[in-house]
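Every number for a ligand or one of its atoms is a count from 1 in the order of the listing. Below, each value reflects all heavy atoms present in this structure, side chains not excepted, and no hydrogens, waters or symmetry copies.
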Amino acid sequence: MTKRTSVTKAVMPVAGLGTRFLPATKATPKEMLPVVDKPAIQYVVEEAVAAGLDDVLFITGRNKTSLEDHFDRAPHLEQKLAERGTNELSRVLTELADLASIHYVRQGEPLGLGHAVHVAKGHVGNEPFAVMLGDDLIDASNPILPKMLEVLEEFGGSVLCLMEVAPEDIHLYGCAQVVETHIDDVVRVTALIEKPKSGQAPSNYAVIGRYILQPQVFPILANLGTGAGGEIQLTDALAQLIDHPTEDGGGIHAVIFRGKRYDTGDKLSYLKSVISLALDREEFGPQLRTWIKEHLAGDK
Ligand code: G1P
C-alpha cells in the first residue's frame, strides 16, 4: 500500500552530462548505469512511488532517450518474452512502464540544479513538490520521504534531508546550520551554504538529494545569479527562503538521516554502492560475500 499525501509530484533533474563517469557516459546517461540489475534512476522512482509521489517529472537534456524508453512500454519485447514463456520477465517490464505517471521537460542548457528545478515550474503549479537527485540512493527498508512529509505537515515551509559527513567532505555538499526542535532528529535550518570553502562550513550537516519545496521557490530561482561553481544553485534560493514567513513559503526544517545512503555520483562511490546493494540481496549476497573473501585472500 502506498500512502496518499498532499505532495504527489517528484521532480528529478537528469540533464547532467555525467562527466565524472566518462567514458561510460559518453552515449549512456549516468542515471541509466546499472546498480545490480536496475538503472540507478529506477530506485529513485520506486522510492517516490512508495511514498505516494507517483507523478514524476524528469528534467532531461540531450542523450536521455534511453531513460525515456526505460519507463515506457516495450510491446515487441514484452510479446517476445511472453512467446518464450518468460511471463515473469514480461510482467516485470509491464509493471515498470506502469510504475508512475512520467513526464519530461528539457532543460535546454545545464546551468545548475537551481535552473533545473525552475524548469519544473509549469508542471508543478502552485503546490508543494519533491526534488529527488539520482546520485543519492536511499535504503528502501528505511525510507526518508515519509518522515520528511510528516515534518511538512508539522511545520510547513520547505523540508530538507541532512546527513552528518566527515569535516573533510563537507565542501562537496550544501551545508546547513541548524537548531534543534522539540522532535528528535528534526531541526530548523538557520543558514545554508553551497559547497563551503575550508573553514567556512557552519556544521558537518550535508544536504542530501531529497527536498520538499514550496512553489514560492520559483520566483526566487528566476532571479538568482550564479553561485558556487558558476552554476545557479538551489541551495542559494533556499537560503533566501529561511526568513520568509511560513504563509509565504518560508521556514526550512530538516530531518537528520541516519540510515543507509548509497552515493552513485562518482566512480568509486558507485562501485561501493553496487557492491553494498548486491550484498544485501538474497540471491547474490551469500555467494558474493564468499567470493570477495576468497578474492581478497588471494590478493595477499
Ligand atoms: C547537489 C546540491 C548540494 C547537495 C548535493 C547532494 O550538489 O547542489 O547542495 O548537497 O547535490 O548530493 P551536486 O552533487 O550536484 O554537486
Side-chain angles (χ1 to χ4, degrees), residues 10-21 25 29-31 33 35 40-41 43-44 47-48 58-61 107 109-120 130-139 144-145 148 158-178 187 189-197 200-213 217 220-221 224-242 252 254-257 259-270 272-273:
V11 173
M12 302 189 187
V14 292
L17 298 174
T19 45
R20 276 184 278 183
F21 269 99
T25 47
K30 72 169 177 182
E31 297 79 13
L33 294 179
V35 174
I41 194 69
Y43 289 85
V44 186
E47 179 192 339
F58 284 120
I59 313 293
T60 68
Q107 191 180 353
E109 291 173 277
L111 298 180
L113 179 59
H115 178 254
V117 171
H118 186 253
V119 169
V131 172
M132 302 174 73
L133 306 187
D135 284 352
D136 290 324
L137 305 187
I138 303 290
D139 181 12
I144 191 70
L145 278 179
M148 294 174 71
S158 307
V159 185
L160 308 184
C161 173
L162 301 176
M163 198 167 185
E164 267 184 291
V165 299
E168 61 271 24
D169 289 338
I170 192 72
H171 71 282
L172 300 169
Y173 298 92
C175 176
Q177 178 180 293
V178 302
V187 292
V189 174
T190 53
L192 281 166
I193 307 178
E194 179 67 12
K195 313 248 163 59
K197 297 205 167 56
Q200 288 180 355
S203 76
N204 290 346
Y205 284 123
V207 175
I208 299 308
R210 300 291 180 271
Y211 308 77
I212 295 174
L213 304 180
V217 75
I220 297 177
L221 286 170
L224 200 62
T226 53
E231 298 191 338
I232 298 173
Q233 297 290 354
L234 179 60
T235 306
D236 294 347
L238 295 175
Q240 291 191 29
L241 273 173
I242 290 173
I252 302 187
V255 178
I256 310 288
F257 180 60
K260 280 197 218 163
R261 160 194 177 242
Y262 304 97
D263 181 1
T264 60
D266 65 75
K267 290 178 185 177
L268 182 61
S269 316
Y270 167 81
K272 291 181 189 169
S273 301

Flag for Glu231-Thr226: side-chain donor and acceptor within less than 3.5 Å: no
Nearest-contact summary for atom 1 (C) of ligand 1 - protein heavy atom, Å: Leu133 CD1, 4.0 Å
Protein contact to atom 8 (O) of ligand 1 [nearest heavy atom, distance to 0.1 Å]: Glu194 OE2, 2.7 Å
Val207: numbered ligand 1 atoms lying under 4.0 Å from its heavy atoms: 4 (C), 5 (C), 6 (C), 10 (O)
Proximal atoms of ligand 1 relative to Gln233 (non-hydrogen, under 4.0 Å): 8 (O)
Option set Arg210, Glu231, Lys195, criterion heavy-atom distance to atom 7 (O) of ligand 1, minimum: Lys195
Any protein heavy atom < 4.0 Å from atom 10 (O) of ligand 1: yes
Rounded distance [0.5 Å steps], [atom1] in [X] versus [atom2] in [Y]:
{"X": "Asn204", "Y": "Cys175", "atom1": "CG", "atom2": "SG", "value": "7.5 Å"}
{"X": "Ile252", "Y": "Tyr211", "atom1": "CD1", "atom2": "OH", "value": "10.5 Å"}
{"X": "Thr25", "Y": "Arg20", "atom1": "OG1", "atom2": "CZ", "value": "10.5 Å"}

Would you check the N or O atoms of [X], main chain and side chain alike, for any that come under 3.5 Å of an N or O of ligand 1?
{"X": "Arg20", "answer": "no"}
{"X": "Asp136", "answer": "yes"}
{"X": "Gly174", "answer": "yes"}
{"X": "Thr235", "answer": "yes"}

Phe21 ring center near Tyr270 ring center (under 6.0 Å): yes
Proximity to ligand 1 by part of Leu234, non-hydrogen separation under 4.0 Å: neither
Residue part near ligand 1, for Asp263, under 4.0 Å between non-hydrogen atoms: neither
Donor-acceptor pair, side chain of Thr264 and main chain of Asp135, under 3.5 angstrom: yes
Ser203 side-chain N/O to Ala176 backbone N/O, donor-acceptor pair under 3.5 Å: yes
Glu109 atom CD: more than 12 heavy-atom contacts under 6.0 Å: no
